[in-house]
A.B. asks: 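Please read through the structure below; I'll follow up with questions.
Just so it is clear, the model here is predicted, and its values are computed rather than measured. Numbering of residues begins at 1 and proceeds along the displayed sequence. Order of appearance sets the numbers: ligands from 1, and atoms from 1 within every ligand.
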Amino acid sequence: MAVDFDFTIIGGGVIGLACARALAKHGSVLLVEQHSIFGGETSSRNSEVIHAGLYYPSGSLKETLCLRGRKQLYTYCEEQDIPHRRIGKLIVAPSLDHPKLAQLEQKAHALNIPISRLTATELREREPQVNAAEALLSPETGIIDSHVYMLRLSQDAERRGGLLMKHTGFKRAASITSHANNHWHVTLTTTDGEYTVNSKALINAAGLHSHDVAQACGHPLDTLPPLHLCRGHYFSYSGQRPFNHLIYPLPEENLTGLGIHATLDLGGQVRFGPDTQYLESKVTLTDNDIYTVSPDLKETFASAIQSYFPEIHSNRLTPDYAGIRPKLSRANESAADFTFVNPRPLHEPPLLHLLGIESPGLTASLAIADEVVKRLTDNLSAL
Ligand SMILES: Cc1cc2nc3c(=O)[nH]c(=O)nc-3n(C[C@H](O)[C@H](O)[C@H](O)COP(=O)(O)OP(=O)(O)OC[C@H]3O[C@@H](n4cnc5c(N)ncnc54)[C@H](O)[C@@H]3O)c2cc1C
């Protein structure tokens with residue numbers, strides 16, 4: 001039986017779109033997205049920061065793909081006219097000689113990431129509103145319009161012949177192995193009902209739903225690292241813009257989050273967040289309230305922000321939006337890495353689950369896509 005597509009990608013967030021663009025150079029591509037827009041889940045609910053790559057364990061995929069992806073992303077932004085700015089970030093320490101600040105500085109030197117240490121006076125000259133004993137300045141950190149970025153990825157993928165379908169949900173897939181050809185029999189749902197396609201390879205880029213999708217491909221959940229959903233809320237700040245850089249406190253223990261930081265968007269609007277709130281495993285992702293930001297969090301935010309921005313007053317904070325991290329570790333565990341699971345033996349059709357693609361997934365997206373191409377094309381040629 002002839003296959004309909006070489007690659008079927010489940011999920012039209014930034015990762016699925018980057019994969020569609022990259023894989024369309026190597027064969028025919030179908031991407032399915034359940035919602036009416038691409039990137040409507042985590043990819044449009046983040047800080048839109050291009051990370052330098054300072055935070056991640058040495059040699060981890062998060063580190064390697066962030067470093068590679070950041071360079072690729074800046075080049076892509078310039079080539080494709082995507083709004084972005086290398087605005088620079090200040091990581092501020094509450095006391096002198098803080099070991100966490102020293103660790104970040106050493107990491108930057110080891111990875112050749114530009115960094116400089118500022119005294120309290122030098123910091124005040126740059127950011128008079130910020131109070132800290134010392135700071136690191138990371139000039140490579142930037143901001144991006146993630147919506148234009150995703151639009152360009154989808155346009156590129158389509159220009160290369162990819163078929164990108166919205167309003168199309170992945171339901172299940174069964175592997176068909178035969179002498180003639182191995183492939184996936186994929187069942188999709190649309191507003192018109194169910195239909196099926198045959199695909200040589202499957203890529204699970206379903207973000208928060210990746211574990212459900214893996215299960216629907218016949219992969220038992222107990223063989224995968226468990227998923228922990230961790231929400232982050234944002235508050236917007238009203239008033240004159242107090243900073244010119246992104247301002248970050250020191251990261252949380254186990255890198256659960258980067259601390260409630262100040263980001264600026266390309267329009268100069270300041271927002272604070274995200275915090276970290278692990279959700280109960282029973283939570284339903286389709287629940288309308290899941291992305292609601294409670295005004296009750298305002299005082300907690302204000303007191304966290306006061307540690308570096310003493311002038312903050314809670315009445316300047318307005319609940320904005322929330323995003324959910326698909327974590328593979330709990331708060332008290334070391335942060336898990338991006339996880340690529342290829343559960344099939346080599347003689348079966350290729351399948352790749354992308355799990356735990358939390359921050360810096362946006363920064364790393366082009367490098368993640370290259371990694372997917374490498375793993376799948378190695379796999380296909382071995383068949
Ligand atoms: C609070 C927060 C802040 C962050 N800040 C940053 C940052 O500043 N910089 C950075 O680099 N990264 C950041 N990230 C990480 C980044 O946002 C993510 O790594 C990235 O968006 C993940 O993209 P994705 O495509 O894997 O997932 P998603 O954007 O969630 O896309 C998955 C898609 O799959 C679709 N889907 C799921 N199931 C199905 C199905 N059965 N059928 C069809 N479609 C399906 C969903 O509808 C969804 O659109 C942040 C994340 C969070 C939560």
Side-chain angles (χ1 to χ4, degrees), residues 8-20 30-53 55-56 62 65-66 69-70 73 89 141-144 146-147 149-150 153 164-173 186-190 202-217 229-234 246 248 256-258 260-261 263 265 271 273-277 279 285-286 291 293 320-327 338-339 353-369 372:
T8 296
I9 300 163
I10 302 149
V14 71
I15 302 299
L17 293 170
C19 290
L30 169 68
L31 177 145
V32 294
E33 166 53 51
Q34 63 190 352
H35 296 308
S36 57
I37 53 165
F38 294 130
E41 294 200 352
T42 310
S43 296
S44 57
R45 298 177 162 278
N46 57 52
S47 302
E48 295 189 297
V49 171
I50 302 179
H51 287 295
Y55 293 106
Y56 315 106
K62 281 185 178 169
L65 300 178
C66 180
R70 187 229 312 148
L73 187 53
K89 147 165 124 174
T141 304
I143 49 177
I144 179 173
S146 58
H147 302 276
Y149 173 44
M150 287 190 278
L153 290 174
L164 277 52
M165 298 187 57
K166 297 170 189 159
H167 290 292
T168 307
F170 164 85
K171 199 160 181 195
R172 62 179 171 272
V186 185
T187 306
L188 303 169
T189 50
T190 67
L202 267 189
I203 300 93
N204 170 4
L208 300 172
H209 312 265
S210 297
H211 284 67
D212 295 338
V213 166
Q215 213 177 5
C217 296
L229 300 176
C230 180
R231 183 163 52 200
H233 306 90
Y234 291 87
L246 310 177
Y248 280 60
T256 308
L258 298 181
I260 295 178
H261 46 265
T263 57
D265 65 19
R271 62 195 169 203
D275 59 351
T276 47
Q277 182 192 38
L279 303 176
L285 285 164
T286 46
Y291 291 115
V293 181
D320 201 341
Y321 62 94
I324 300 177
R325 308 166 179 91
K327 282 186 178 288
F338 293 155
T339 302
H353 302 305
L354 309 183
L355 307 179
I357 313 295
E358 52 169 329
S359 192
L362 174 65
T363 311
S365 46
L366 293 172
I368 291 176
V372 167

A.B. asks: Nearest heavy-atom pair of S210 and G207: which atoms, and what distance?
C.D. replies: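 Shortest heavy-atom separation between S210 and G207 comes out as OG-O, 2.9 Å.
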A.B. asks: When only distance counts, is R325 in polar contact with ligand 1, meaning an N/O pair under 3.5 Å?
C.D. replies: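 There is no such contact.
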A.B. asks: Determine the minimum heavy-atom distance between S365 and A18, stating which atoms define it.
C.D. replies: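 Result for this residue pair: O-CB, 3.7 Å.
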A.B. asks: Taking heavy atoms and a distance under 4.0 Å, where does A205 meet ligand 1: side chain, backbone, both or neither?
C.D. replies: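 The answer is the backbone of A205.
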A.B. asks: Mind checking whether T363 has an N or O less than 3.5 Å away from an N or O of ligand 1?
C.D. replies: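 Yes.
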A.B. asks: Under 3.5 Å between any N/O of G207 and any N/O of ligand 1: does that happen in this structure?
C.D. replies: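 Between G207 and ligand 1, no N or O pair is found under 3.5 Å apart.
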A.B. asks: Between H35 and ligand 1, find which residue part has any heavy-atom pair under 4.0 Å and reply side chain, backbone, both or neither.
C.D. replies: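 For H35, the contact with ligand 1 is made by the side chain alone.
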A.B. asks: Need the ligand 1 atom indices (1-based, order shown) with element for anything under 4.0 Å from a heavy-atom of E358.
C.D. replies: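 Heavy-atom distances to E358 below 4.0 Å select 15 (C), 19 (O).
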A.B. asks: For atom 23 (O) of ligand 1, state which one of S43, G13, S47, G16 supplies the nearest heavy atom.
C.D. replies: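 Looking at heavy atoms only, the winner is S43.
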A.B. asks: If you define the side chain from C-beta out and look only at heavy atoms, does anything of V293 sit under 4.5 Å from Y234?
C.D. replies: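 No, too far: nothing below the 4.5 Å cut-off.
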A.B. asks: For atom 16 (C) of ligand 1, grab the closest protein heavy atom and report residue, atom and distance to one decimal in Å.
C.D. replies: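 Nearest protein contact, heavy atoms only, for atom 16 (C) of ligand 1 is L362 N, 3.8 Å.
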A.B. asks: Indicate the atoms forming the closest heavy-atom contact of F338 with G356, along with that distance.
C.D. replies: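 Closest heavy-atom pair between F338 and G356: CD2-O, 3.4 Å.
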A.B. asks: Going by the order shown, which atoms of ligand 1 are within less than 4.0 Å of some heavy atom of I324?
C.D. replies: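 With I324 as reference, the close atoms of ligand 1 come out as 53 (C).
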A.B. asks: Looking at every heavy atom in both A214 and N204, which two are closest together, and how far apart are they?
C.D. replies: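 For A214 versus N204, the nearest heavy atoms are N-ND2, 3.5 Å.
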A.B. asks: Of all the heavy-atom pairs spanning A205 and I15, show the shortest one and how long it is.
C.D. replies: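 Heavy-atom minimum between the residues: CB-CG2, 4.3 Å.
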A.B. asks: What orientation do H51 and Y56 show, parallel under 30°, tilted 30 to 60°, or perpendicular over 60°?
C.D. replies: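 Judged by the thresholds at 30° and 60°, the geometry between H51 and Y56 is perpendicular.
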A.B. asks: Do ligand 1 and I15 have nitrogen or oxygen atoms that lie under 3.5 Å from each other?
C.D. replies: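 Looking only at distances, the answer is yes, because the N/O contact criterion of under 3.5 Å is met.
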A.B. asks: What residue and heavy atom of the protein are closest to atom 45 (C) of ligand 1, and at what distance?
C.D. replies: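 Checked against all protein heavy atoms, atom 45 (C) of ligand 1 sits closest to Q34 CD, 3.6 Å.
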A.B. asks: Can you list the atoms of ligand 1 that are under 4.0 Å from a heavy atom of A206?
C.D. replies: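 Those qualifying, in numeric order: 32 (C), 34 (O), 37 (C), 38 (N).
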A.B. asks: Evaluate the criterion side chain to side chain contact (heavy atoms under 4.5 Å, CB included) for residue pair E33 and L164; output intermediate values, then yes/no.
C.D. replies: CA-CA 8 Å; E33 166 53 51; L164 277 52; over 6 Å; no
A.B. asks: Answer yes or no: is there a side-chain heavy-atom contact under 4.5 Å between C230 and E358?
C.D. replies: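 C230 does not reach E358 side chain to side chain.
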A.B. asks: Would you call F38 a ligand 1 contact, heavy-atom distance under 4.0 Å?
C.D. replies: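 False for this residue.
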A.B. asks: Under 4.0 Å from any heavy atom of E48, which atoms of ligand 1 are there?
C.D. replies: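 Reading through ligand 1 atom by atom, the close ones are 8 (O).
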A.B. asks: Give the residue and atom name of whichever protein heavy atom lies nearest to atom 13 (C) of ligand 1, and the separation in Å to one decimal.
C.D. replies: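 Result: S359 OG, 3.4 Å.
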A.B. asks: Which ligand 1 atoms does P360 reach within 4.0 Å, using its non-hydrogen atoms?
C.D. replies: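 That gives atoms 10 (C), 11 (O), 12 (N) of ligand 1.
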A.B. asks: If you define the side chain from C-beta out and look only at heavy atoms, does anything of I143 sit under 4.5 Å from T263?
C.D. replies: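 No, every pair of side-chain atoms sits at 4.5 Å or beyond.
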A.B. asks: Can you list the ligand 1 atoms lying under 4.0 Å from a non-hydrogen atom of G169?
C.D. replies: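 Those qualifying, in numeric order: 42 (N), 43 (C).
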A.B. asks: What atoms in ligand 1 come closer than 4.0 Å to a heavy atom of T168?
C.D. replies: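 Close to T168: 43 (C).
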A.B. asks: To check your reading of the model: name the closest protein heavy atom to atom 50 (C) of ligand 1, its residue, and the distance in Å.
C.D. replies: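 Scanning the protein heavy atoms, the shortest distance from atom 50 (C) of ligand 1 goes to N46 CB, 3.3 Å.
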A.B. asks: Provide, to 0.1 Å, the distance between atom 8 (O) of ligand 1 and the closest protein heavy atom, together with that atom's residue and name.
C.D. replies: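 Sorting protein heavy atoms by distance from atom 8 (O) of ligand 1 puts V49 N, 3.1 Å first.
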A.B. asks: Between R172 and A216 (side chain of the first, backbone of the second, donor and acceptor by atom type, cut-off under 3.5 Å), is there such a pair?
C.D. replies: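 A pair under 3.5 Å: no.
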A.B. asks: Looking only at atom types and distance, does a side-chain atom of S44 sit under 3.5 Å from a main-chain N or O of G39, one as donor and one as acceptor?
C.D. replies: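 Yes, the answer is positive, given that a donor and an acceptor are paired below the 3.5 Å cut-off.
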A.B. asks: Determine the minimum heavy-atom distance between R271 and S47, stating which atoms define it.
C.D. replies: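 For R271 and S47, the tightest heavy-atom pair comes out as NH2-O, 3.2 Å.
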A.B. asks: When you measure from atom 42 (N) of ligand 1 to every protein heavy atom, which one gives the shortest distance, and what is it?
C.D. replies: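 Protein heavy atom at minimum distance: F170 N, 2.8 Å.
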A.B. asks: Quiz question: by atom type and distance under 3.5 Å, do the side chains of S359 and Y55 form a donor-acceptor pair?
C.D. replies: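 There is no such pair (donor and acceptor under 3.5 Å, judged by atom type) between the side chains of S359 and Y55.
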A.B. asks: For atom 52 (C) of ligand 1, what is the closest protein heavy atom, and at what distance to 0.1 Å?
C.D. replies: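 Ranking protein heavy atoms by distance from atom 52 (C) of ligand 1, first comes R45 O, 3.9 Å.
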A.B. asks: Would you mind running through ligand 1 and noting each atom that sits below 4.0 Å from a heavy atom of V32?
C.D. replies: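 Every atom of ligand 1 under 4.0 Å from some heavy atom of V32: 43 (C), 44 (N).
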A.B. asks: Among protein heavy atoms, which lies nearest atom 19 (O) of ligand 1, and at what distance?
C.D. replies: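 That would be I357 O, 2.8 Å.
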A.B. asks: Below 4.0 Å from any atom of ligand 1, is there a heavy atom belonging to L188?
C.D. replies: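 It does not, in that no heavy atom of L188 comes within the 4.0 Å cut-off of ligand 1.
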A.B. asks: Does ligand 1 have a heavy atom under 4.0 Å from the side chain of Y321, from its backbone, from both, or from neither?
C.D. replies: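 Neither part.
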A.B. asks: Does the side chain of I324 reach to within under 4.5 Å of the side chain of R45, using non-hydrogen atoms?
C.D. replies: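 No, their side chains stay 4.5 Å or more apart.
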